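These notes are about the structure you will find just below.
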There are 2 protein chains.
Amino acid sequence: MTISEVSERFGISQDTLRYYERIGLIDAVPKKSGRRDYGERELDRISFILCMRSAGLPIEVLLEYIDLSRQGDKTAEARRNILIEQRERVQEKIKEMQEACKKLDYKIDVYYTKMLSKEKEIMKATKDS
Amino acid sequence: MTISEVSERFGISQDTLRYYERIGLIDAVPKKSGRRDYGERELDRISFILCMRSAGLPIEVLLEYIDLSRQGDKTAEARRNILIEQRERVQEKIKEMQEACKKLDYKIDVYYTKMLSKEKEIMKATKDS
DNA sequence: TTACCACTTGGAGCAAACTCCAGCGCAAGC
DNA sequence: GCTTGCGCTGGAGTTTGCTCCAAGTGGTAA
């Protein structure tokens, strides 16, 4: 799979894909006549990274996790602990966002009521005149 | 209320408070002998901003919203529309994060199973020897 | 053969949101 | 009156995560 296909498929830029490879988030992608040729292995990695990034995990943390992965089975527990910590963070963030969402809901509703009452005023004014 | 008290109360730095004021997210805070003296009005604003920021609303958007607020009632609908759009964004983000959380759960569980089976192996090896 | 195109590299640049700093001012307490 | 502490300002610096660019290469099509 070419870089443009991967870029299209995941909706991220080619630059970002190369950037991830450069910093070691993706292992060196095999090349065909100088061009990257992404395989299943790479696609899986990319999909994992994007999922985690979308949840807000910092690149630093993903790097650490992937570095540990490369060191084999003996790091399984450390990796698990990273995931557990990150899950906690994500859950906390979700809660915060739900709070904010409630506040937004409330405010939106207040504006709605405001507009309704304004409309009534106009109706009344129209009738009066 | 002094800036250090506000900083403490909301868990944000004094620098950030001054920064928010500088860019107009908070209106000029009244001063007592050259020092900021935060009142209820300011605290409410700060609490709103922090809530929205924690949900990921960009400062740009908050600035726009607050600018509209300053222009009075005639901007009510525009403001409401901003809130509606942002609520959509937040909800989408929450969904993404919940997806990621699921993936994390799954992975954590996989590591757990892995560790269990490793433990078993050790038990067996111990027994065999 | 030449033109074109997608792709390569290393490095610079950028946007957002802070964060830090130097140098100053004021007010209280010793 | 002097020091200590808190706060002030304007401006520079930092971090994160990309994004853009110039110059070069290799395969393909006219």
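Chain A is the first sequence line, chain B the second, and so forth, proteins listed ahead of strands; every chain is numbered from 1. Treat the numbers as computed from the prediction; the structure is a model and nothing was measured.
Side-chain N/O atoms of Arg53(A) include one lying less than 4.0 angstrom from OP1 or OP2 on dC18(D). For the pair Tyr20(B) and dA17(C), the criterion of a side-chain N or O lying under 4.0 Å from OP1 or OP2 is not met. The side chain of Thr2(B) contributes an N or O atom lying less than 4.0 Å from OP1 or OP2 of dG7(D). The side chain of Arg18(A) places no N or O atom within less than 4.0 Å of a non-bridging phosphate oxygen (OP1 or OP2) of dC21(D). The phosphate of dT19(C) (OP1 or OP2) has a side-chain N or O of Thr16(B) nearer than 4.0 angstrom. Remark: Tyr19(A) is not in phosphate contact with dC20(D), judged by side-chain N or O atoms under 4.0 Å from OP1 or OP2. Applying the 4.0 Å criterion to OP1 and OP2 of dT9(D), one finds that Lys31(B) has a side-chain N or O inside that range. Proximity of Ser33(A) to the phosphate of dT25(D): no side-chain N or O atom is located under 4.0 Å from OP1 or OP2.
Taking only distance into account, the side chain of Arg22(A) meets the base of dG11(C) through a donor-acceptor pair shorter than 3.5 Å. No donor-acceptor contact under 3.5 Å links the side chain of Asp15(B) to the base of dC18(C). For Arg35(B) and dC6(D), a side-chain-to-base donor-acceptor distance below 3.5 Å is present, hydrogens and geometry of angles not being considered.
Residues forming a side-chain contact (heavy atoms from CB on, under 4.5 Å) with Phe10(B) (at least two apart in sequence, or on another chain): Val6(B), Ile12(B), Leu43(B), Ile46(B), Ser47(B), Leu50(B).
Using cut-offs of 30° and 60° on the angle between ring planes, the pair Tyr65(B) and Tyr111(A) is perpendicular.
The distance between atom CD1 of Ile23(B) and atom C1' of dT19(C), rounded to the nearest whole Å, is 14 Å. Between the C1' atom of dC18(D) and the CG atom of Leu50(A) lies a distance of 13 Å, rounded to the nearest Å. Put simply, CG on Asp37(A) is 15 Å from C1' on dT8(C), counting in whole angstrom units. As a whole-Å value, the separation of Leu25(A) CG from dT16(D) C1' is 13 Å. The CG atom of Leu63(A) sits 11 Å away from the P atom of dT16(D) (whole-angstrom rounding). For Glu21(B) and dC8(D), the CD to C1' distance is 11 Å, given to the nearest whole Å. Across the protein-nucleic acid pair, Ile26(A) atom CD1 and dG17(D) atom P stand 15 Å apart, rounded to whole Å. Whole-Å rounding puts the Ile3(B) CD1 to dT19(C) P distance at 14 Å.
Between the side chain of Asp37(A) and the main chain of Pro30(A), no donor-acceptor pair closer than 3.5 Å is present.
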> Can Asp67(B) and Arg70(B) be said to form a salt bridge (Lys or Arg N to Asp or Glu O under 4.0 Å), step by step?
Replying inline: CA-CA 5 Å; Asp67(B) 259 29; Arg70(B) 287 197 265 257; 3.2 Å; yes

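Looking at Lys103(A) and Met52(B), their side chains come closer than 4.5 Å, going by heavy atoms from C-beta outward.
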